[in-house]
Structures are given as C-alpha cells and as structure tokens.
Asker: 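Attaching a single structure in structure tokens format; questions to follow.
Here is how names work: the chains are called A, B, and so on, in the same order as the sequence lines, proteins then strands, and each is numbered from 1. Predicted, not measured: the structure shown is a model, and the values here were computed from it.
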Amino acid sequence: MSDNQEPLAVIALTLPDGSVKTFPTGSTGNDVALSIGRKLAQDALALKVDGVAIDLNTHLTADAAIEIITFSSPDGPNIFWHSSSHLMAQAIEELYPGSKFGAGPSIEQGFYYDVASEHRFREEDLRKIEERMLEISKRDIQIRREEMNRIDAIEFFKSVRNDPYKVEILEDTLKSVERVSLYHQDGFTDLCIGPHLPSTSKVKAVLLTNISSSYWRGDSARENMQRIYGITLPSEKLLKEHVARLEEAKRRDHRKLGAELELFMLSPEVGSGLPIWLPKGAIIRNELEAFLKEEQRKRGYLPVYTPHIGNIELYKRSGHYPYYSDSQFPPLTYHDEEGKQEQYLLKPMNCPHHHLIYSSKMRSYRDLPLRLTEFGTVYRHEQSGELNGLVRARGFTQDDSHIYCRPDQLVDEICSAIELTQFVFGTLGFSEVQTRLSMHDPENQAKYGGTAEVWEQAEKDVKEAADRMGIDYFIGVGEASFYGPKIDFIVRDALGRKWQLGTVQVDYVMPERFDLTYTGSDGQKHRPVVIHRAPFGSMERFIGVLIEHTAGNFPLWLAPVQAVVLPIAEDVHDYAKSVHQALLEAGIRAELDTRSEKIGKKIRDAEISKIPCMIVIGQKEQESGEVSLRRHRIGDEGRFSVSGLIDKLKQEITGRT
RNA sequence: GCUGAUGUAGCUCAGUCGGUAGAGCACUUCCUUGGUAAGGAAGAGGUCAUCGGUUCGAAUCCGAUCAUCAGCUCCA
C-alpha cells in the first residue's frame, strides 16, 4: 500500500537473563510476555522498563532493559492490590450509587478504599461487594490509561464523575503537576499515577476483611469516611494460604495465649491497660530480667531503684510534662495543713530520677561513663483505643538505663549499647532485626528541644556508631524523640509482623535542663552526654511479642514449667515422686501429675500446656532406675538415668539455648 | 480520643417471634491402673457486662456506662 521504502523499525529489548530480543516498534509488554511463554503472558501484571514500572499495554518505541512484573515480583502485589482497590470502588459504585471515593492505596497486606456514602456499610455488605468484584473480574474489562491536563481532569471529576475528593486532590496535593493520569474501567474512573493491571480479570480471589473509619486526609477536623479493607490474590489457592496465615496469627495472639497459659491477666476492676502478671508469666519476666541483669553486670552497669511517683516540677523541668501532658495520668494533688499545695505525677519515665542520682555528687571525667540501670515501672495514660494486651499498656516496666559519658566516649558507648541489644535479640531467637535511625524532621523544628547544632552532632554520632557496628539501617525522618535521635530495633516475629522493641537514644538536651556537669582534666566544668537505652524496651511488650514469636513454646530456660513427671500407673507413684523431688532439688521447675488418667491423656494435657519436657515413668523405668524423656512437639527421646537427665537439662538451661 | 462491632458457665459457642437458659471442653466425686496427644459415669457451675427505660413479662427491644475487638490518630 505504502511506498514507504524504509525497513520496518525494530527495537532491542534486554531481558532480565541478559538475552536481547528484537521486536517491532510499538510492541507491548504483553507481546513480549507472549513471545516468552503463554503462562508468563497469563501471569503478567505490568512491565518494568529501565527500572520504571509501567502498564503492560504501553507501546514500546525504544531499546530498553525490560522485566515482566508478575504477582511474585517485588512490585507485583503492590500493583495488583492498587488495581484491586479500584475494582472494589467500581463494585461499591455499582451497588451503592452516589458513593464518593477518597484515597484507595495498596498496603502491606492488601488494600483499602476510603468511601463517603450515605449507606452505612455492614459486614454482610462486604460479601455482596466481594461477589460483585468477582463478577466485574469475569467481565474482563480492559483498564485504560488516559493522560490529560490537570485542569481538564478537574473538570472531568467535577462534571462527569462528580467526585469532590478527587477534585480536592487535583486542586491541592497535585497543584504543581501539569499532566495527570486517569484510569478508566467501564463507567468507573480513578485519578491515579499507575501502573495498573491490563484487565480486571487478573483478580481471581477476593476477601474483604473489615470496615473501619478514617478521616479524610488523616485530619480529625475533616469528615469521617468509611474505610473498607481487603485483599485479593491471583488464585483461590493463594487466598486459602493467606487465610491460613491469618488463622495462625490468631492462634498465636499473645492475649489468647496469655490467658490459656495463665501468664497474665487484665481486669476492669484494676483498670484497663494495667496488666497483672500471673505466677507463670512472672517466671518468664523474672528469667528475662535476671538474664539482662547478668549481662549488664558484666558490662559495668550500676543498678538503682527510684520511686513510682515524682514531684511534678521534676517533669516540668525535663520538658516531659508539658510535652506529653495528654498521655499522662492526672497529677496527684496534696495539700498540707498550711494549705500549701504539692503535685505529684505517676512517673511516666525514669530519666529525671536518674539525672538526680547523677548530680547527687561531684563527678570527675575519670568517673565516666556512669551507667545507671533500673527496671523502672512507668505509667502513661495511653488513648483507650490504643490499648492492646501487653503490647500497649498503661502501666509497664522499662529495662531503662542511662549512660552518662564524655562526648569523646559517646560513640563507643552507643556501640556497646547496640552490641548488648543485638546480644539480647540473638539469645531470644529474633533473627531478623531491622534497625531504624530515627532522625528529627527539620521542617518541624519546633517539635524538638535543643539547637540545630546539637541535633546535627547527635545525628552524626548515631550514624557513626551504626556504621561502625556494621548494621544495616534505614533512616526514619521525623521519628526522633523530642530530645534526640534514636536507633530503634524493629523485629519481625515468626509470622513476619514488625514490632519496635529495643531502643538506643542520644540526648544532649536533658544534661542542659538538669545542669549535669563533670570536672574535666582541665579542672573546668563540662557537660556530659546521656544515652537512654532499653534492649527489651518494655518488659510487657517484649514478652507479648515473645509469646507470639514462640507461639507460647518457650525455650527451656524461660518455660514456666520446665518438666512434668508423668507416672503411668499408681504402682510407680513413689518412684515418680522421688524423680520429681530430684528435679526440684536441682532447681528445675517441675510438676508431678498423679491424676488417675491414662498416660495418653496426661501427655496430651502436657502438650497443650506447652511444657517442654515430659518425664514418663512406668514399670520399666522404675526397675532400671531410669526415666523416659518426651519432648514437647518432638516426641520420645529415649531413656536416661535421673542424674543424666538433670545434667542434660541444666546444661540446656544455663546455655539459654 | 474518634468510627464501627462485640459482651450468655472458667474456656469456645448455641439460644427462633419478647414467655426468667443449653452444648462441648475444663472442674468435683466415683469407677477404672491404663506405655507416648482425649477411658467411663455422675455432679456442681449463670443477677445473660453494669445501670436505667419500654412491656403483664426482657438474654432478646431502646438508652447510658464499662470493658474488649478492628481501624484511625498518638507513642517520652
């Protein structure tokens, strides 16, 4: 037809394995995927071109390094879930006309959409929406990207879509952006940067999980919206696996296990957020405290004790009272006979007390570093909606130490605090520890104490220490406390959930406020620097996370009951009693089960109680003067002499393995 | 604190239309003496979260309070 003599233009695309393939210019990611294989084309969600994710059906016109994004690619779930939020919005719009849409991003485990609707969404509506989403998926609607000027987009969302929230985003958040992109799927259109799935049909399985509320743009002065959470997956099978993981998380919930294993309790008669440690939970806490005390003794820490309340002036001086007055219990007010008034605060933190210990006598540069340590119980009036078992409580105990040192000692001291924290986490089996350097937000200087120079120095020191310890960290801007930057340790539990536990914080501000000094070699007064550090963070939170991490299967050294002696029948009760006694004398926490139950029942009960060692005793053991050891979740480990068993268990306990 | 949901025996949960409560497990007693995840029988156990209202009558309907759960906001 054409008299065009030019050869057909081709482009060279480099695949992730390094091979180069040529395609006609204008080919799409779908063409590329098809050329590699049918399965890949089915799984393809989007395309990465020179490291940038774009829509699968974008026409390629230049040589590039490309990569097909599937659900198992690092960017896959994010794109999948973001498109799913649009799919959900379309379903909601079809079912509940007039609903307006706010923000609908993908999140770590799925997506949500904030909806303003006259309809009050209920649990049963979620099932209807799920059904509609799957139906829309079956319609196999092509998702089409359209770019337009911001002004045109505003007009579009005003007149065609009638969606005021999108208009607000365009007029405000995006006001300096020229061109924006819209994604159309049938009558539904969303403002979105993309990329998105090529078609609604990629979504094969839907689970809408819950409804909650949110404020438009996170601002409590703005209107409330209904936030609907969900997760979608590219197959039914993957959804089933996801649901199984959720159930596993539920089974490990420390609140549930804490009650079942009789570790702690919460009672409205005591007050919400005020946990009570039951005997078995207290054993775990005791062991952990003894462990840390031992390690701290080796590292030159000095234990102190301070009262649970303090004069309010102390906290005004430290700056905590004005700064955190919302989250403290109200002051206790005391009048003496002359009518003189004094106010006391349940202590929300330990540092001011420790600072007073520091300044109780003259300190020489030779005395530093001074490391004061205390398991200090503090009380904070956390918002009621925040309370969560042991993990977020109003009364809790920090493994709090304050290290007073010279500036030239600071980095060394930060390093040794990091080392201790890593040692603690390693011993407790948290292998995946993330470290965040929590820096201040220079945009919001008013939030912090101290001068800009002091902050610069403190952040430099923190970084230097982190680098020297070779830790892999990321920076959290705006995560610092008001008096200084922090190194926060975030662990993942056995189910991959993240928890912030230990912390190391640098503080140049409190030494000023409390006028802390030491005499230098020059005979002059100098300011020490303070490090606040807590490897566990809070005993309550740490143990809550540990319960979930171990699913209640504690290592032998922490187990509230380490062994239970299970006689098979009454004729060996005397022997069983002597074994039980021997275990107790060896310092092993042992119980004896002399109920008239069969051995199967006794074992089952011990397994459910998650007791690490079951000592089974019958005629054979009695005759040979031995015992049989059965391990929790493992099974029969054979016969041992009583002393052999005790040695074995003691070794395991002292090794904290 | 905000939005929504929930609250029945120690635990997990039934309980219809408003007619004063039921199961399994756990517990107690008795029988059973059994070799590696549940032996049998009987018994006891509840101011249906609390307070108030509607009603001849409330676990059930309404309101308030408390607590818990999910999420938002916050976290020295």
Asker: For B:A9, which nucleotide in any strand shown is its Watson-Crick or wobble partner with both distances under 3.5 Å?
Answerer: none
Asker: Rounded to the nearest Å, what distance is computed from the CG atom of residue A:L266 to the C1' atom of nucleotide B:C69?
Answerer: 13 Å
Asker: Taking the same atom, C1', in B:G1 and in B:C27, what whole-Å distance lies between them?
Answerer: 42 Å
Asker: My understanding is that a pair needs two contacts under 3.5 Å, Watson-Crick or G-U wobble. By that rule, which nucleotide pairs with B:U33?
Answerer: none
Asker: When the distance from OH of A:Y112 to C1' of B:C72 is rounded to whole Å, what number comes out?
Answerer: 9 Å
Asker: With a 4.0 Å limit, can you tell me whether A:S214 has a side-chain N or O closer than that to the phosphate oxygens OP1/OP2 of B:G71?
Answerer: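 Looking at the OP1 and OP2 atoms of B:G71, neither is under 4.0 Å from any side-chain N or O of A:S214.
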Asker: With sequence neighbours left out, what residues match A:Y483 under ring pair (Phe, Tyr, Trp, His ring centres under 6.0 Å)?
Answerer: A:H532
Asker: Is the A:Y321 to A:Y315 ring centre distance short of 6.0 Å?
Answerer: no
Asker: Check whether any side-chain N or O of A:R255 sits under 4.0 Å from OP1 or OP2 of B:A70, and answer yes or no.
Answerer: yes
Asker: On RNA chain B, nearest-nucleotide positions of A:N210 versus A:A480: which is more 5'?
Answerer: A:N210
Asker: Specify the separation, in whole Å, of atom CD1 of A:I312 and atom C1' of B:A76.
Answerer: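 Rounded to the whole Å, the gap is 16 Å.
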Asker: C1' atom, B:A58 versus B:G18: distance in rounded Å?
Answerer: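 Per the computed distance, 6 Å lies between those C1' atoms.
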Asker: To the nearest Å, how far apart are A:N388 CG and B:C74 C1'?
Answerer: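 The answer, rounded to whole Å, is 14 Å.
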Asker: Rounded to the Å, how far apart are A:Y215 OH and B:G1 P?
Answerer: 12 Å
Asker: Please work out if A:S272 contacts a base, only the sugar-phosphate, or nothing of the nucleic acid, heavy-atom cut-off 4.0 Å.
Answerer: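 The residue A:S272 makes sugar-phosphate contact but no base contact.
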Asker: Nearest to the A:R595 side chain among B:C27, B:C66, B:A76, which nucleotide is it?
Answerer: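 Nucleotide nearest to A:R595's side chain: B:C27.
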Asker: Give me the distance, rounded to whole Å, that separates B:U20 from B:G63 when you measure between the P atoms they each carry.
Answerer: 25 Å
Asker: Quick one: do A:R371 and A:E413 satisfy salt bridge (charged side-chain N to carboxylate O under 4.0 Å, His left out)? Show the steps, please.
Answerer: CA-CA 10 Å; A:R371 307 181 189 92; A:E413 287 300 313; 2.9 Å; yes
Asker: Answer yes when A:E247 and A:R251 have at least one side-chain N-carboxylate O distance shorter than 4.0 Å, and no when they do not.
Answerer: no
Asker: Can you find a side chain N or O atom of A:Y323 that sits less than 4.0 Å from OP1 or OP2 on B:A76?
Answerer: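 For B:A76, OP1/OP2 do not have a side-chain N/O of A:Y323 under 4.0 Å.
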Asker: Should A:D114 and A:R227 count as an ion pair when the cut-off is N to O under 4.0 Å?
Answerer: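 Here A:D114 pairs with A:R227 in a salt bridge, since their nearest N and O are under 4.0 Å apart.
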Asker: Answer with yes or no whether A:R392 presents, from its side chain, a donor or acceptor under 3.5 Å of a partner atom in the base of B:C75.
Answerer: yes
Asker: Does the ring centre of A:F121 sit less than 6.0 Å away from the ring centre of A:H119?
Answerer: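 Ring centres of A:F121 and A:H119 closer than 6.0 Å.
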Asker: With heavy atoms under 4.0 Å as the rule, sort A:P348 into base, sugar-phosphate or nothing.
Answerer: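 Contact class for A:P348: base.
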Asker: What heavy-atom pair brings A:H632 and A:I611 nearest, and what distance separates the two atoms?
Answerer: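 Nearest pair, atom of A:H632 first, then A:I611: CB-O, 3.1 Å.
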Asker: Round to a whole Å and report the spacing from CD of A:Q328 to P of B:C75.
Answerer: 14 Å
Asker: How is A:Y324 classified with respect to the nucleic acid when contacts are heavy atoms under 4.0 Å: base, sugar-phosphate, or nothing?
Answerer: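 Contact class for A:Y324: base.
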Asker: Do A:E548 and A:R252 meet the salt-bridge criterion of a basic N to acidic O distance under 4.0 Å?
Answerer: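 Judged by the 4.0 Å cut-off on N to carboxylate O distance, A:R252 and A:E548 do not form a salt bridge.
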Asker: Between B:G71 and B:C13, how far is it from one C1' atom to the other, in whole Å?
Answerer: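 Rounded to whole Å, the distance is 26 Å.
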Asker: Could you please name the partner base of B:G52, counting Watson-Crick and G-U wobble pairs only when both distances are under 3.5 Å?
Answerer: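 When the pairing criteria are applied, B:C62 turns out to be the nucleotide that pairs with B:G52.
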Asker: Considering every strand and a 4.0 Å limit on heavy-atom distances, what is the contact class for A:K486: base, sugar-phosphate, or nothing?
Answerer: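 Sugar-phosphate: the residue A:K486, judged by heavy atoms under 4.0 Å, touches backbone atoms but no base.
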Asker: Could you tell me whether the phosphate oxygens of B:C69, OP1 or OP2, come under 4.0 Å of any side-chain nitrogen or oxygen in A:K250?
Answerer: no
Asker: If you measure from the C1' atom in B:A67 to the same atom in B:G24, how many Å do you get, rounded?
Answerer: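 To the nearest whole Å, 27 Å.
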Asker: Is the backbone of A:T397 close enough, under 3.5 Å, to the side chain of A:E540 for a donor and an acceptor to pair up by distance?
Answerer: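 Yes, the answer is positive, given that a donor and an acceptor are paired below the 3.5 Å cut-off.
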Asker: Applying salt bridge (charged side-chain N to carboxylate O under 4.0 Å, His left out) as the test, list every pair that has at least one member in residues 436-446 of chain A; sequence neighbours left out.
Answerer: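 Listed once each, the pairs are A:R436-A:E479, A:R436-A:D488.
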Asker: The side chain of A:S481 lies closest to which of these nucleotides: B:A76, B:G71, B:G1?
Answerer: B:A76
Asker: Using a heavy-atom cut-off of 4.0 Å across all strands, would you classify A:F121 as base, sugar-phosphate, or nothing?
Answerer: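 The answer is nothing, as A:F121 stays clear of every strand by at least 4.0 Å.
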Asker: Does any N or O donor sit under 3.5 Å from an N or O acceptor when you compare the side chain of A:S384 with the base of B:A67?
Answerer: no
Asker: Could you check whether the rings of A:H440 and A:Y448 sit parallel, tilted or perpendicular, using 30° and 60° as the cut-offs?
Answerer: perpendicular
Asker: Hunt down the Watson-Crick or G-U wobble partner of B:G1, both distances under 3.5 Å, from any strand shown, or write none.
Answerer: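 Partner of B:G1: B:C72.
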Asker: Treating primed atoms plus P, OP1 and OP2 as sugar-phosphate and everything else as base, which nucleotides of nucleotides 35-51 of chain B get B, S or - for protein heavy atoms under 4.0 Å?
Answerer: BBBBB------------
Asker: So, OP1 or OP2 of B:A76: does either fall under 4.0 Å of a side-chain N or O from A:Y321?
Answerer: no
Asker: Taking the C1' atom of each, how far is B:C2 from B:G43, in whole Å?
Answerer: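 Each nucleotide's C1' atom is 50 Å from the other's.
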Asker: When both hydrogen-bonding distances must be under 3.5 Å and the geometry is Watson-Crick or G-U wobble, what is B:C27 paired with, if anything?
Answerer: B:G43
Asker: Taking the same atom, C1', in B:A37 and in B:A41, what whole-Å distance lies between them?
Answerer: 23 Å
Asker: With both distances under 3.5 angstrom, what nucleotide forms a Watson-Crick or G-U wobble pair with B:G57?
Answerer: none
Asker: Taking for each residue the nucleotide of RNA chain B with the nearest heavy atom, is it A:P567 or A:K447 whose nucleotide lies nearer the 5' end?
Answerer: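 It is A:P567 whose nearest nucleotide is closer to the 5' end.
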Asker: Considering only the P atoms, how many Å lie between B:G35 and B:A42, rounded to the nearest integer?
Answerer: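 Pairwise P distance, B:G35 against B:A42, rounds to 26 Å.
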Asker: According to the Watson-Crick and G-U wobble definitions, with both distances under 3.5 Å, which nucleotide is paired to B:U16?
Answerer: none
Asker: Using atom CZ of A:R541 as one end and atom C1' of B:C74 as the other, report the distance to the nearest whole Å.
Answerer: 12 Å
Asker: What is the distance from CD of A:E570 to P of B:C30, rounded to the nearest Å?
Answerer: 12 Å
